[in-house]
Structures are given as C-alpha cells and as structure tokens.
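All values reported here derive from a predicted model rather than from experimental measurement. Numbers here are sequence positions counted from 1.
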Amino acid sequence: PPPQLLETNVLLGSFNYVFPQHERYRQECMEKIISYIGEEVAKKFKDLKDKISSAKEMDELDRKIRSLDLYKKKNREKNASKVLSNWIFDCSREGALCQKEDEQWTHAGKKKNMKNSLILHGKDRMLPDRNESNKTDFLKRLRSQFDVEYPVEWGGKLYSEIMLCIEKTKAKIQQDAKSRVDKGRVFVHHNNNHLKTTRLEYIPFNKNRESSFITMFTKYYHKLERDHNKATICTDDKKIIYRYANYDNRTPLFLKRIFSMMQRYHTLWHKNSGAHGALPDEVFHALKTNLKVEGECFASPLNHRLPKFYSAFPDTDRCFGSLGSFFDKDNNQMTGSWEANPPFDISSVKNTLEKIRQLLENAERRGDNLSFAVFFGHFGKRTKVGKELKKLKIFQRGSIRVEKDKHAFLYGFQHQPQFSKNGNKHWRPERDTDIYLFQTSSTFSKYYNADKKKVKKILEEVKASFDQPLK
C-alpha cells in the first residue's frame, strides 16, 4: 500500500465511513414509522367519516381518500414515506440534525475534533432530535400530504410515538458505536447476465441477524469506484485521498461506504423515487454547452452528472466527491455556474431561492461571477415561492415555462434494475416546470453582453432539450 496509508488510518481512525449495520438500524426504524403513520392516518380518516353528518362533507372526504388511495396499504405507506423523507430533508436543510458546534467536519471537509464522534454524543445525520421546531415541521408535512385538518392532540401524540421509535434506534446505534468497529463485512458479486448487475451483500458477524443486499447496474458500481478514488478530504494542513484511507482492521472500506450510502437513499426514497429524480442527460448537455454549468446544487453520488455536486448527507456522500449540503451555513462563497433542481414542494423551493439570493448578494459585493439555472414546478405568484422570486428580480436574467406534457425527468433509482419502469427511465411531472436564470451583474455583462435576447435563446434551447427523451 502507499506510504500514506498507515498515517491516514491513524489520523482518521474508523470515523471515515458509516457503519452498514447502523444504516440497517435506521432502515428498520423508518419502516416501523411508515407503517405506524399509515395505520394511524387510516384510523383518523375512519373516525372523521363516522362523525360527519353532512352529505357534502362526506363526498369531500371520500374524494380525498380516493385521491390518496388510502384503502390500499401500499399507497398509505407511500404517502407516509413522503411525509417522513420530506420532513428529514427539512431537518437536514435547517441544520436540525447536527448543531454546528458539534459537527465533526466543516463544509470544506476540515477536521474539528477527530476524537469525538457525533454518534457518541447522541447526534445523527439522518434521525432528527425531539424539539418544537422539528415537531412543527413534521405536523406541517403531515397536514400537507394528507390534506386534512386534525386535532392538535392527535398530531402531538403521533409525533411523540415516532420520536420514541427514533430515540430507541439512536440509543442502539450509540451503544453499538462504542466498539468503534463495524460488526460485519460487505462482499461484492458481479453478475454477467444480460442486465450486467452488481450485488453488494452485508453479512453481520452476529449469526442471529440476517444478511442484506443491494443490487445496482454494474456501470454505476464502476462510477462510484472512480469517484471514490478521486475524492479527497482535508484535515488541518493535510489533503488526503479517500482511497488511501480504505482499510479498517485490514478490512477494505470501499464496499462498506457504497453499501451505507446506497442503503441511506434506499431507506428514505425507495417508495418515492421521484423525490430523488434528476434532469435528463439532454438537458445537462444543453446547460454545459450554453451556460458552462459545472456543478449541481441537489444531487447524490448515484445520480450526479457533473463533477461538482452538493448532496443531503455529507457523512455517507463525501467519500464519493460530495461538497456537503447546499444549505450548509459555511457555504457562502460560491462562484461559477450551477444547476439547481430542488425537491418539488413549496417549502424546499422557497428555501432554495432564499439561499441562492444570499449567495448572489455575497458574490455581487465581491464582484465575483456566479450563475444559477434553477428548475422547479410552477406554483403561482401568490405563494411563498412567488414572493421569493420578487426579491430575486434584480438577479433574474430570464425565465421560461415547460408544459407538463412536453417534458420528462429521470427516475431517482435508475441505478437499480428493480426500479426500472418497464425499461422506461423517465417520468412525466404533474405540473409545468419553470426555468429561471439568475446571475450576478458581472456574469451577465461578461458572458452575455447584458443582452436578454441571448438569454432567451439559450433558455429556449434548454426547453427544447427537455422533450428529447419523449421522442
């Protein structure tokens, strides 16, 4: 091995990867919560029906139940999964999962305190803490997803039961982390079948626990391998390549890193793959050609198309090149040209536009070049999104709308064969998509001669590229 290997392992210890066993604990916790939410919501709708006497109100409630298809367990759990994954994303975005002073890594990847693990201090990069802010966000997501008003006491009880399950899981992870050694191994199996797939199998040392596996197309496995070999991390004055920190007690960590990362995304979004979706390759080609876009604000190690990208979970994603969370408070000095395709809900889009405005204002004061091509569903001018767009008017260089029946997005789990929809990698959105271009004045003048006609032509080409997958 390279001479840096021993020094790197001493420096980073076993904190440079997420234990696969911990991800399995988190998955088990999420499955219990999803099932519980689905059952409780079904009971609540039944109680509401029993109390309604008006025929008009009964018809309205039946319409909601049919639109959500709550009579089927599968669809109840799909809606419950959306509540949970969106809530966790809210917590991640607002910094509610880890307090800044307790973080092990800064945004730039620089070490703060390698001797203390977040887990050992009760912090978790995925499971939220119990507090009023997180409770409020959860109840908002619940009300929004199921489109029903409910008693405050019922919502509070539901939240308390969920947090009890989360706290038990965090305690189990915390106890398990004291050993600082993952209690299992990951094996890789390449299948040279017609699909060309690769299977990662995690086998616990404890024979009482079952093994688990994740399957992906082999080309994505090799993509992750390449990204891992290039990924770096900074500790004080040293820059270290992750592949030189690839052993823990002589066990290779690369496979464990892939398994943990894929398990994290599978746990949160496998019932709602649209939330992990991406722009088609044709759109990225148009963005790179016309706007010199070099990075993505919302991506993952699995679906990023550009070398630079931000993602939701730095603990599992940094070793594959992620720059961390786009919403990180340390992320306030961006330059260059970026694509932003946030989750398709008002809260996420509103917060994205607010962050972009802050970054553009900072870059404008410094005189730096900064550009954002932003994609999100059309919500209307009277929403929180519309209000935030007004504040961004000074940086807006152009916009265009793509009709919902004239474009498509990539499925979020195109890397796994079991999620391919009859061979179709794309899905049509339920609403029109708005595309906005925001730039600092120096960028607009330097590259486009402050000519909005040029911008309009570029956006029309981007719009045209959106319907290529449908042809």
Practice prompt. Output all residues satisfying ring pair (Phe, Tyr, Trp, His ring centres under 6.0 Å) with Phe379, sequence neighbours left out; order by chain, then residue number.
Written response: none

Worksheet item: Which of parallel (below 30°), tilted (30 to 60°) and perpendicular (above 60°) describes Phe466 and Phe375?
Response: perpendicular

Worksheet item: Hey, does Leu84 have a side-chain heavy atom less than 4.5 Å from the side chain of Met30?
Response: yes

Fill in: Check: Ser371 and Leu437 side chains under 4.5 Å, non-hydrogen atoms
yes

Worksheet item: Once the angle between the rings of Phe313 and Trp269 is folded into 0 to 90°, is it parallel (under 30°), tilted (30 to 60°) or perpendicular (over 60°)?
Response: tilted

Worksheet item: Is it true that Phe372 and Phe438 have ring centroids separated by less than 6.0 Å?
Response: no

Worksheet item: Would you say Lys404 has more than 12 foreign heavy atoms packed within less than 6.0 Å of its NZ?
Response: no

Discussion item. Is a donor from one side chain sitting under 3.5 angstrom from an acceptor on the other, for His304 and Lys223?
Written reply: yes

Worksheet item: Just checking, Lys355 and Phe327: is the charged tip under 6.0 Å from the six-membered ring centre and within 45° of the axis?
Response: no

Worksheet item: Would you say the side chains of Thr198 and Thr218 form a donor-acceptor pair under 3.5 Å?
Response: yes

Worksheet entry | Side chains of Cys297 and Thr352 in contact at under 4.5 Å (non-hydrogen atoms) | no

Discussion item. Are the side chains of Ile166 and Pro128 in contact, using a 4.5 Å heavy-atom criterion?
Written reply: yes

Worksheet item: So His407 and Phe409, would you call those rings parallel, tilted or perpendicular, with 30° and 60° as cut-offs?
Response: perpendicular

Worksheet entry | Asn290 side-chain N/O to Ala286 backbone N/O, donor-acceptor pair under 3.5 Å | yes

Worksheet item: How about His415 and Phe217: are their ring centroids closer than 6.0 Å?
Response: no

Worksheet entry | Any donor-acceptor N or O pair under 3.5 Å, side chains Tyr159, Asn134 | no

Worksheet entry | Check: Phe326 ring centre within less than 6.0 Å of Phe298 ring centre | yes

